[in-house]
Every structure is written in structure tokens, then in C-alpha cells.
Amino acid sequence: MSTVRPSLWHGLLLLATLLLFAFANLSNPLINEDGVLYLLLAERIGSEGLDAAFALFDKPLYSALIAAMHSLLGLPLRQCARLIDAALACLLVAAFAEFCRLLYRDRSVLPWAALLLLAHPRLNNYFAFVIRDLGYWALLLSSFCLLLRDIATPRVAYLLGWALCTLLAAAFKPEALLFGMLPLALLGTQSGTFGARGRRALGTVAVVAAAMALLTRIGVANPQHLPETVRELPDVPQRLVHEIPAAFNAAAERYASLVLDPYSRDVAALSLAGGLLSILLVKTLNNIGIISFLLLGYALRRGELRLPGANRGAFALMIGCALLLPVLFLCYRQFLDLSLIHISEPTRPY
């Protein structure tokens, strides 16, 4: 691996990505349901402007990119979406490989990183979709790379690049803002004094906070020019603290009254929590893929499954954020949605 030039390696990696992307689209020519929405929004942006798209969907950046390319090149909207997705797929794969190299400071992990990502069944399935997730993942991984570069060689440009990529990723999916705490991993490194590292970490978080404050200010002055998701961001922590527990209790009470035996209703909360955690575990394992399991088994056998020492703080914080996201998603979808749905008394067969 050390004898292969980096430019040749990345060229082969991008070529493999494009071949898989082309194969996925040729084998599945149908447009996914979300893709129909994004293309319709792009058509509406082209004819009526961006404000018209905001009236239908609060995160139209992806559709705006499709509309811009359609206006620039004159290609059909579907072809423009494919070109954008192909570029984002290449950025995603290249950023993931670079992320692994920077995280472990070892070029020998590059082929394993490429194998892990390119052989992932879920990702190859998404290659055939018109979907904004590719942009979210690609930009988020790019932000991780810039953060790791700053940990190795502190530069203001790297931190500003991290902030920019994080905000652009949030324009695709607001969940990216959860990773706004990642610069705090700088506090766990050994480069420089603790005070200097603290100032760098807080300064970078302040850049993202200032951008969000500016967006909030714009939303207060011109609410129609700001996505509803961004306008609601200041209220998210309060909802997490108050609404999720209340909704969980309501769901547990309904679960006890509609499903459980009267003598078992006192364990409704425990049963519901266990069931939801089981769903989360099964979904996580289903998304990992067989190649990931094989690589994990190989690493366990060789005794190499360990956190990289140089970037242990960043790695641990990334894992924490990655686990927190699906937990919060599950809480909202399983608890809050259930609390708004009125379930009628089921008919029991006798």
C-alpha cells in the first residue's frame, strides 16, 4: 500500500465509486418517493423561485442545486440530480477514506476503509436514489477531516473550514448541528496548553453559534425566508427535556391499557423502553452490513480493535454523537408521534 501514489489511489477509489453509482442507477431506473418530491421542488424553484419551494418543504437546498444545474446546463432535472449525486458520492467516499487515514494516522487502513464503504449494501442502494442524504454525509465527513487536520496541525483555516462544512451539511439535514460540539474534542488532545486548546474549541463553536444566531435573527425579521426547522432550533433543547419524558409516560399508559394484562401494567414503562431499545439495536445492526461485521471480527481476532491514541478524544466524541442521534430520532418517532395518535380499543378474537 505504501508504494501506491496517493493520487493514483484516490483516482482508483473515485473510479470505483462512479462505476458502482452507474451500476446502481442502471439496475434501478425508478425514482424513489422522496426523489419525486425533490424534483418537483426543483421544477417549482425554476419557475416560481425559492420562496415557492419553502412553502412546500423547509429544506429545499438540494432541490435548489438541481434547479441551478438545470438552468446552467439545460439538462433534464433527473440527469442534473444524477450528476450532483455522483459528485456527492465521490466526495463522500474520498472523505471517508481520508477520515480513516487521519484518525489512525496510518495509510494502511485506506483499502479497508474503501472496502467497508463501497461494499456497504445500504449505501449502494442509496446510489440509485434522488436523495439529499449523500450531501449531508459527504459534508459532515469533510468537516471531520478538517477537525482532525487541525488537531494534528492547528490552523485557523481548518477550524473555519470545519464550521463551514458543518453549516452546509446542516443545510441538507439539520441533524448536522448536533456535531457542533465536536471541537470540544480539542480539549482532550495533547497539542498546546489546555487554555489555548480551550480557546480554539470555544472559538470554533462560537462561529457556528454566531451563524445560527444570524439565521435566527433573519427568521425573526423575515420568517418566510427561513426554513421552519431552523426557526424551531432554539426550542429543541426544551422539547428534548420536557416533551420526550411526558410523551413516553403517555405512551406507556396507553401501552398498559391496550396491550398488557391488568396484572402486568406496573412494568409498562420498563417493557416499552426495552422494546424500543431492541428496535434501535436491530436497526443499527441491520445498517452496519456484513462487511462491517467481518472487519470487526478480523480486528477482534488480531487484537486491533482499539481507539486511536492520537485522536482518542475526537473519536470518542464522534461515537457519542453518532449514538445520540438515533436515540433522539427513536424518541421523537416512537414517543412523540405515538402521543399524537389516538388508538382505538382493538377487537380481541375469542
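Owing to the predicted nature of the structure, the values given are computational and were not obtained by experimental measurement.
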| said: If I take atom CG from residue Leu41 and atom CD from residue Glu48, how far apart are they, to the nearest 0.5 angstrom? | reply: 11.0 Å
| If every non-hydrogen atom of Leu13 is compared with every non-hydrogen atom of Ala97, which pair is closest and at what distance? | CD2-CB, 3.7 Å
| task | Check the hydrophobic clustering (I, L, V, M, F, W, Y; side-chain heavy atoms under 4.5 Å; chains of links allowed) and say if Leu258 and Leu272 are grouped together. | result | yes
| said: Please enumerate all residues that pass side chain to side chain contact (heavy atoms under 4.5 Å, CB included) together with Leu115, with sequence neighbours excluded. | reply: Trp112, Ala119, Ile291
| query | Hey, are the side chains of Tyr126 and Arg122 touching, using non-hydrogen atoms and a 4.5 Å cut-off? | reply | yes
| Least distance between heavy atoms, Arg101 atom then Leu110 atom | CB-CD2, 4.0 Å
| Student check: side-chain heavy atoms of Val36 and Asn32 closer than 4.5 Å | no
| field | Phe23-Leu26 co-clustered via ILVMFWY side chain contacts under 4.5 Å | value | no
| note | Rounded to the nearest 0.5 angstrom, the CG-CZ distance for Leu102 and Arg149 is 5.0 Å
| task | Indicate yes or no: at least one non-hydrogen side-chain atom of Asn28 is less than 4.5 angstrom from one of Phe129. | result | yes
| said: So Tyr62 and Val130, do their side chains get closer than 4.5 Å, heavy atoms only? | reply: yes
| Below 4.5 Å, heavy atoms only, C-beta onward: do Trp162 and Leu148 meet side chain to side chain? | no
| query | Any idea which heavy atoms bring Ser63 and Ile45 closest together, and the distance? | reply | C-CD1, 3.9 Å
| Residue pair Leu134 / Leu92: nearest heavy atoms and the distance that separates them | CD2-CD2, 4.0 Å
| message | When you measure from the side chain of Asp150 to the backbone of Arg155, do you find a donor-acceptor pair of N or O atoms at a distance under 3.5 Å? | response | yes
| Within a strict 4.5 Å, meaning less than it, do heavy atoms of the Leu123 and Leu117 side chains meet? | yes
| Spacing of CG belonging to Leu65 relative to CG belonging to Leu88, to within rounding of 0.5 Å | 8.0 Å
| field | Asp266 CG to Ser271 OG distance, which is reported to the nearest 0.5 Å | value | 11.0 Å
| Distance from Cys100 atom SG to Leu116 atom CG, nearest 0.5 Å? | 7.0 Å
| request: Evaluate the criterion side chain to side chain contact (heavy atoms under 4.5 Å, CB included) for residue pair Asp34 and Ile131; output intermediate values, then yes/no. | output: CA-CA 7 Å; Asp34 290 345; Ile131 191 171; 5.7 Å; no
| query | So, do Leu20 and Phe127 sit near enough that their side-chain heavy atoms are less than 4.5 Å apart? | reply | yes
| task | Report the distance from atom NZ of Lys173 to atom CG of Leu139, rounding to the nearest 0.5 Å. | result | 13.0 Å
| task | Locate the shortest heavy-atom distance separating Ala94 from Leu14; write the atom from each residue and the value. | result | CB-CD2, 4.2 Å
| field | Heavy-atom donor-acceptor pair, Ser71 side chain to Ala68 backbone, under 3.5 Å | value | no
| message | Using the side chain to side chain contact (heavy atoms under 4.5 Å, CB included) criterion, which residues pair with Leu75? Sequence neighbours excluded. | response | Leu73, Gln79, Cys80, Leu83
| task | Would you name the heavy atoms of Ala176 and Leu140 that are closest together and state the gap between them? | result | CB-CD1, 4.0 Å
| field | Heavy-atom check, side chain of Leu91 versus side chain of Ser142, under 4.5 Å | value | yes
| request: Check whether Leu18 and Leu118 end up in the same hydrophobic cluster, where Ile, Leu, Val, Met, Phe, Trp and Tyr are linked by side-chain heavy atoms less than 4.5 Å apart. | output: no
